[in-house]
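Following: one structure in structure tokens, then a few remarks.
Just so you know, residue 1 is the first one in the sequence shown, and it goes up from there. Order of listing sets the numbers, starting from 1, for every ligand and every atom in it.
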Amino acid sequence: MDGSVYSGAAGFVANYKAFCEPLLFNELHGRIAGLELLERGNDAAAFSLGGFEGVAEQIEREDFVFLQHIHPFMFRVEVGGEASDFPRFLNMLQAVSVHADKGDVLVCQCRIVAQRMFAYSNGELTNLLASSLEKEGYTVSAQEADTVVSLTVFDRFAYMGISKAEDNVSRRAGGILFYSQPEDMVCRAEWKIEEAFEVFGMKAGEGMRALDLGAAPGGWTHYLSKRGIGVDAVDPAALDEAAAGWPNVRHFRMTAQEFARSHREGTYDLIVNDMKMDTNQSMDILCEMSGLLKKDGECLMTLKLPKQGVQKRINVARKVLGNRFGIVRIRQLYYNRSEVTVYLKNKV
Ligand SMILES: C[S@@+](CC[C@H](N)C(=O)[O-])C[C@H]1O[C@@H](n2cnc3c(N)ncnc32)[C@H](O)[C@@H]1O
């Protein structure tokens with residue numbers, strides 16, 4: 001290794017859930033011409049490509065389902081996995097930081113995705129880059145950053161780039177979230193709905209009304225009611241007291257089909273559906289219930305993924321739901337396991 005910085009190696013690093021790698025690769029190759037796989041690591045891959053701006057726009061337009069995070073790289077350098085790599089990273093940083101303005105607020109996001117052990121950690125790399133930037137007079141603040149310096153270290157090469165935080169799909173390094181666990185949390189499904197609200201830019205407010213299909217044990221109902229939303233929670237199973245105890249929650253202890261037969265009136269700002277059932281049936285029920293949605297109403301639903309034919313399932317969902325709703329966005333969220341989350345907005 002000669003330790004030099006390789007410029008002109010433009011491309012991007014993508015992060016995803018390991019079991020969805022073939023699905024994401026299909027999405028990327030199907031939509032971005034001239035893509036070449038350079039290296040794969042744990043839940044991440046580096047691709048070479050001409051420029052990042054076009055890709056950022058395309059991601060915005062195309063709604064990739066399985067992409068959790070992306071960052072561009074302008075430089076790459078060989079790595080040995082020892083602290084002797086540090087001067088090379090600092091060389092790259094110098095070349096990358098000329099693309100930042102002194103008024104920008106920066107954050108450094110460093111991840112090692114190599115499949116072998118390295119002598120340094122993500123945290124050490126982040127401190128190394130951040131303190132170097134601060135010495136150069138840049139403002140570094142994870143909370144207020146609008147610009148991200150990203151470094152991803154694979155087995156053979158490390159890739160560094162700089163981008164606007166909103167172009168990276170997720171503002172978190174590698175798309176990895178660490179939501180705090182409130183004491184009264186009912187179940188981890190609360191993180192799922194919290195993430196969906198963040199990713200799809202949804203608003204919750206006092207006076208709104210929501211219908212929660214498949215509500216038990218009550219994580220989503222709890223999340224919504226805590227934010228002042230009146231919730232009609234539908235599930236034959238019992239609700240946890242932390243959810244059922246809110247005055248703005250009504251529990252209809254019945255199936256969604258029974259509820260649909262007996263409730264043909266009413267309007268909701270939001271219908272959420274996390275029912276554990278066949279996805280076609282679940283979509284049919286949601287479409288039927290969507291008559292209860294306000295004109296500008298929104299829906300969220302989880303789509304359980306089959307062991308095989310995942311892409312087909314997603315295509316069918318896009319088509320069926322696209323016939324009924326104005327906007328259909330499908331994303332695999334960080335807190336989704338073997339499912340994806342669908343965001344729907346009523347036709348206006
Ligand atoms: C994954 S759990 C939902 C978790 C919930 N979102 C939460 O945050 O606690 C799935 C729920 O779907 C409910 N379910 C299954 N079939 C249903 C139906 N036909 N109507 C209503 N609920 C149903 C089950 O009883 C189960 O409680």
Side-chain angles (χ1 to χ4, degrees), residues 17 177 179-200 202 204 208-246 248-264 266 268-293 297-307 310 313 317 320-321 330-344:
K17 287 189 193 286
L177 303 189
Y179 284 161
S180 62
Q181 182 168 351
E183 253 178 43
D184 59 348
M185 189 164 143
V186 174
C187 58
R188 71 184 293 286
E190 280 186 59
W191 287 332
K192 218 162 62 173
I193 194 167
E194 182 176 348
E195 186 183 2
F197 264 70
E198 185 182 327
V199 166
F200 299 118
M202 297 168 68
M208 285 172 64
R209 291 192 64 219
L211 177 64
D212 185 355
L213 304 173
W220 287 20
T221 289
H222 186 226
Y223 175 87
L224 296 169
S225 57
K226 264 174 97 170
R227 279 152 190 81
I229 300 181
V231 186
D232 288 348
V234 180
D235 201 307
L239 282 190
D240 188 288
E241 189 45 37
W246 285 76
N248 53 353
V249 172
R250 298 191 297 179
H251 183 195
F252 294 86
R253 204 156 180 176
M254 57 180 74
T255 65
Q257 296 89 323
E258 285 163 348
F259 184 86
R261 281 195 290 276
S262 54
H263 292 78
R264 300 197 175 272
Y268 295 100
D269 301 276
L270 184 63
I271 301 180
V272 297
N273 170 9
D274 193 23
M275 285 187 290
K276 195 172 175 190
M277 66 164 67
D278 170 76
T279 50
N280 291 327
Q281 195 187 1
S282 180
M283 283 192 293
D284 286 347
I285 293 173
L286 184 65
C287 287
E288 190 187 338
M289 308 288 273
S290 64
L292 301 178
L293 201 57
E298 299 171 302
C299 297
L300 273 182
M301 94 169 260
T302 48
L303 207 67
K304 314 294 171 199
L305 297 179
K307 290 226 164 28
V310 170
R313 176 75 52 96
V320 171
L321 296 169
I330 307 181
R331 286 278 308 273
Q332 182 168 58
L333 304 181
Y334 177 72
Y335 284 115
N336 282 142
R337 284 182 175 155
S338 44
E339 62 186 11
V340 290
T341 300
V342 184
Y343 166 83
L344 303 161

Present, as a list of atom pairs with distances to 0.1 Å, all nitrogen or oxygen contacts under 3.5 Å between ligand 1 and the protein.
from     : atom 1 : to   : atom 2 : distance (Å)
ligand 1 : 6 (N)  : D274 : OD2    : 2.8
ligand 1 : 8 (O)  : G219 : N      : 3.1
ligand 1 : 8 (O)  : W220 : N      : 2.9
ligand 1 : 9 (O)  : A215 : O      : 3.4
ligand 1 : 9 (O)  : P217 : N      : 3.3
ligand 1 : 9 (O)  : G218 : N      : 2.9
ligand 1 : 9 (O)  : G219 : N      : 2.9
ligand 1 : 12 (O) : K276 : N      : 3.3
ligand 1 : 19 (N) : Q257 : OE1    : 3.0
ligand 1 : 20 (N) : A256 : N      : 2.9
ligand 1 : 25 (O) : D235 : OD1    : 2.8
ligand 1 : 25 (O) : D235 : OD2    : 3.4
ligand 1 : 27 (O) : A216 : O      : 3.1
ligand 1 : 27 (O) : D235 : OD2    : 2.8

Listed pairs under 3.5 Å, donor-acceptor, residues 284-292 side chains, sequence neighbours left out:
from : atom 1 : to   : atom 2 : distance (Å)
S290 : OG     : C287 : O      : 2.5
S290 : OG     : R324 : NE     : 2.7
S290 : OG     : R324 : NH2    : 3.2

Are a donor atom and an acceptor atom from the side chains of N336 and T302 found within less than 3.5 Å of each other? no

Can you tell me if CZ on R188 sees more than 12 non-hydrogen neighbours from other groups inside 6.0 Å? yes

Parallel under 30°, tilted from 30 to 60°, perpendicular over 60°: which one fits the rings of F259 and F252? perpendicular

Under 3.5 Å, side chain of N248 to main-chain N/O of S225, donor-acceptor pair present? yes

Answer yes or no: is there an ion pair linking R209 with D269, defined by an N-O contact shorter than 4.0 Å? no

